[in-house]
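The structure appears below as structure tokens.
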Amino acid sequence: MSRYHPDRLRRLRELPLDTVAAAVGYRQDHRDRRRWKKTGSVIGIDGTRFYDHLLQQGGGGAIDLVMHAHRCTFPQAVDALERIAPPGTVEPPDGHRWAAVRDYLKNRSIDVDLVDRCHGEGIVTTDRRGNAVFAMRGPDGSFAGAEIVGIHRTPGHAPFRGLARGSSRKRGGFWIPCPTRPRKTIGGTVLIVESAIDALSAWLLPLTRKPDFILSTAGATTSLPPCLRDDRVRTILCGYDADPTGDRCAAVLEADPRVLRMRPEGDGIKDWNDLLRASVF
């Protein structure tokens, strides 16, 4: 008897191929959003099908794509997808659910062009509950889980915020390269913030110190993520919230000579999204 439940296999196969392509190391071609590239492979994605124009091979569904990208067996591909999509979190995007998430981020003053670009790269999406999902990645782009932000309020309850089941801060976080300094792996100057929404907000602001990357650590922490212990990371700007917790954690991190405090400042400003919204209005 197979150890794989048919419904689970079906759900894994139906994961969006753009999300899976990003997870297995492909980069989207900015000139053709249906084409994805990595060393030795160029694939075109059409719905649930893909075709490698260099290797002249193709297939259908997320499991086939992982087997093709990693040259691995079926069980290895399933195990890899289990790590990319923890049970009950990432589901095939629904147009209406994504539209609601897009509107939510727009109302937080996040530029829709940036939102659409991140969605096309598979790092900002939605789940079956209609939450906003921000993909956590290692420094090489491998998936480490997701930050989840609930966008719907219920009486007496704050919207859910947390990590998807199976996520690991040790393996990575939500990060984006800054537009003027595109890089494929994390290095140079990195601004760390407390949430994915803060990372998107800081990306849009004219910062006085220009980072190469902005990374969400999914909450303030007194220890640096392992991905920032690499020698290629020369400077770390600590952009934690302007509150006692953010200040306390930043003070501990400043024991590392690479760490400099970069506090979001302004009247009534707590975080980078506050600062963005104040600058817009």
Side-chain angles (χ1 to χ4, degrees), residues 2-102 105 112 115-138 140-146 148 164-167 174:
S2 172
R3 66 186 179 95
Y4 302 112
H5 192 282
D7 289 342
R8 181 63 178 154
L9 289 180
R10 175 189 56 78
R11 197 178 73 76
L12 290 175
R13 285 193 180 97
E14 293 176 355
L15 285 170
L17 293 193
D18 54 356
T19 299
V20 176
V24 295
Y26 284 95
R27 302 286 176 178
Q28 192 172 40
D29 186 336
H30 69 276
R31 294 168 299 184
D32 183 351
R33 301 181 73 83
R34 294 174 300 177
R35 182 166 292 210
W36 296 73
K37 301 177 179 180
K38 72 174 186 172
T39 303
S41 178
V42 177
I43 62 170
I45 293 177
D46 184 8
T48 61
R49 308 290 301 179
F50 69 91
Y51 184 78
D52 193 314
H53 300 282
L54 293 185
L55 301 178
Q56 297 185 340
Q57 298 172 348
I63 298 175
D64 280 0
L65 178 54
V66 174
M67 291 174 65
H68 176 81
H70 288 333
R71 298 299 176 195
C72 63
T73 64
F74 180 89
Q76 289 170 330
V78 171
D79 288 344
L81 284 172
E82 292 279 5
R83 292 192 295 272
I84 295 169
T89 56
V90 181
E91 297 283 344
D94 172 86
H96 295 295
R97 290 196 295 266
W98 169 245
V101 168
R102 187 175 185 269
L105 295 174
V112 292
V115 173
D116 290 342
R117 195 189 87 181
C118 290
H119 183 58
E121 293 175 359
I123 61 173
V124 178
T125 183
T126 184
D127 62 14
R128 61 187 175 86
R129 295 183 177 89
N131 299 315
V133 177
F134 303 90
M136 297 166 61
R137 300 176 291 164
D140 60 352
S142 59
F143 270 55
I148 308 294
R165 188 171 65 176
S167 301
F174 177 84

Over all atoms of both residues, closest heavy-atom pair of [X] and [Y]:
X	Y	answer
Tyr26	Ala69	CE1-CB, 3.9 Å
Ala77	Cys72	N-SG, 3.8 Å
Arg97	Arg129	CD-C, 4.5 Å
Leu17	Leu65	O-CD2, 3.8 Å
Glu121	Ala22	O-CB, 3.2 Å
Val133	Ala146	CG1-CB, 3.7 Å

Spacing of [X] atom [atom1] and [Y] atom [atom2] [to the nearest 0.5 Å]:
X	Y	atom1	atom2	result
Gln28	Trp36	CD	CH2	4.0 Å
Asp18	Ile123	CG	CD1	11.5 Å
Arg71	Leu55	CZ	CG	5.5 Å
Leu54	Lys38	CG	NZ	12.0 Å

Legend entry - Listed partners of Asp52 passing side-chain hydrogen bond (donor to acceptor under 3.5 Å, both in side chains), at least two apart: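 Only Ser41, His68 meet the side-chain hydrogen bond (donor to acceptor under 3.5 Å, both in side chains) criterion with Asp52.
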Are any of the side-chain heavy atoms of [X] and [Y] separated by less than 4.5 Å?
X	Y	result
Arg102	Val112	yes
Trp98	Val115	yes
Tyr51	Asp46	no

Got a donor-acceptor contact below 3.5 angstrom from the [X] side chain to the [Y] backbone?
X	Y	value
Thr126	Asn131	yes
Ser167	Ala164	yes
Thr48	Gly61	no

Inset, instruction - Kindly write out the residues that satisfy side chain to side chain contact (heavy atoms under 4.5 Å, CB included) with Thr73, not counting sequence neighbours, or none if the list is empty. - result: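 For Thr73 the side chain to side chain contact (heavy atoms under 4.5 Å, CB included) partners, ignoring immediate neighbours, are Pro75, Gln76.
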Inset, instruction - In sequence, state the C-alpha distance, the side-chain angles, and the governing distance for Arg35 and Ile43, and then conclude on side chain to side chain contact (heavy atoms under 4.5 Å, CB included). - result: CA-CA 6 Å; Arg35 182 166 292 210; Ile43 62 170; over 6 Å; no
Inset, instruction - Using ring pair (Phe, Tyr, Trp, His ring centres under 6.0 Å) as the criterion, list what pairs up with His70, not counting sequence neighbours. - result: none
